[in-house]
Amino acid sequence: MQKFILITAASLGALSVMIGAFGAHALQATLEAGGRTATFETAVKYQFYHTLALLLIGLLMFRVQDKLLDYAALSMMGGILIFSGSLYILCLSGVRWLGAVTPIGGLLFIVGWVLLLVAVAKSNL
């Protein structure tokens, strides 16, 4: 699982940079016309922050063996998919009901952080 988490973090990191650059250049006019520039930037920021958290979890696994870290990582991945993914789709399609799905991703981020907290608190670090 650790290798999967680290590979996923590296992939999502590269993807964050690519999506951010694509939004800043190729999609700039579309995002500005729809008033969605800030929303797109939020999606990219949260994807990047939680990708770094995912990397941290993967590296922490070298020192701490706890299934909670697996669940924290999966929660972060799900949060990125649902939170950032729903915002990307909202920005590109204008489908407003996706805004109702976004908080589920936010909740997954919170769960991931809490699981990380519990795993570290339980550890012998």
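Reckoned from all heavy atoms, side chains included, excluding hydrogens, waters and symmetry mates.
A continuous path of hydrophobic side-chain contacts links Ile57 to Phe4 [ILVMFWY only; heavy atoms under 4.5 Å]. Linking Ile, Leu, Val, Met, Phe, Trp and Tyr whenever their side-chain heavy atoms come within less than 4.5 Å puts Leu74 and Val64 in one cluster. Hydrophobic cluster membership differs between Met77 and Ile7, with clusters built from Ile, Leu, Val, Met, Phe, Trp and Tyr side chains linked at under 4.5 angstrom. Leu81 and Leu98 are not part of a single hydrophobic cluster, where members link through side-chain heavy atoms under 4.5 Å apart. In the hydrophobic clustering of this structure, Leu56 does not group with Leu52; members are Ile, Leu, Val, Met, Phe, Trp, Tyr whose side-chain heavy atoms approach within less than 4.5 Å, directly or through other members.
Leu54 has its side chain out of reach of His50: every pair of non-hydrogen atoms, C-beta onward, lies at least 4.5 Å apart.
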Exercise answer: donor-acceptor pairs, residues 13-35 side-chain atoms, under 3.5 Å, sequence neighbours excluded:
{"from": "Ser16", "atom 1": "OG", "to": "Leu12", "atom 2": "O", "distance (Å)": "2.8"}
{"from": "Ser16", "atom 1": "OG", "to": "Gln47", "atom 2": "NE2", "distance (Å)": "3.2"}
{"from": "Gln28", "atom 1": "NE2", "to": "Glu32", "atom 2": "OE2", "distance (Å)": "3.1"}

Exercise for review: Any chance you could lay out the side chain to side chain contact (heavy atoms under 4.5 Å, CB included) test for Thr102 and Ile82, step after step, and finish with the verdict?
Suggested key: CA-CA 6 Å; Thr102 306; Ile82 295 171; over 6 Å; no

Exercise for review: Would you please test Leu69 and Leu60 for side chain to side chain contact (heavy atoms under 4.5 Å, CB included) and show each step?
Suggested key: CA-CA 8 Å; Leu69 292 177; Leu60 184 60; 3.9 Å; yes

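Residues satisfying the ring pair (Phe, Tyr, Trp, His ring centres under 6.0 Å) criterion with Phe83, sequence neighbours excluded, are Tyr46, Phe109.
Among all heavy-atom pairs drawn from Ile5 and Ala73, the shortest one is CD1-CB, 3.4 Å. When all heavy atoms are compared, the tightest approach of Ser84 to Ala43 is OG-O, 2.8 Å.
In the hydrophobic clustering, where aliphatic and aromatic side chains (Ile, Leu, Val, Met, Phe, Trp, Tyr) are joined below 4.5 Å either directly or transitively, Leu55 groups with Leu6, Leu59, Phe62.
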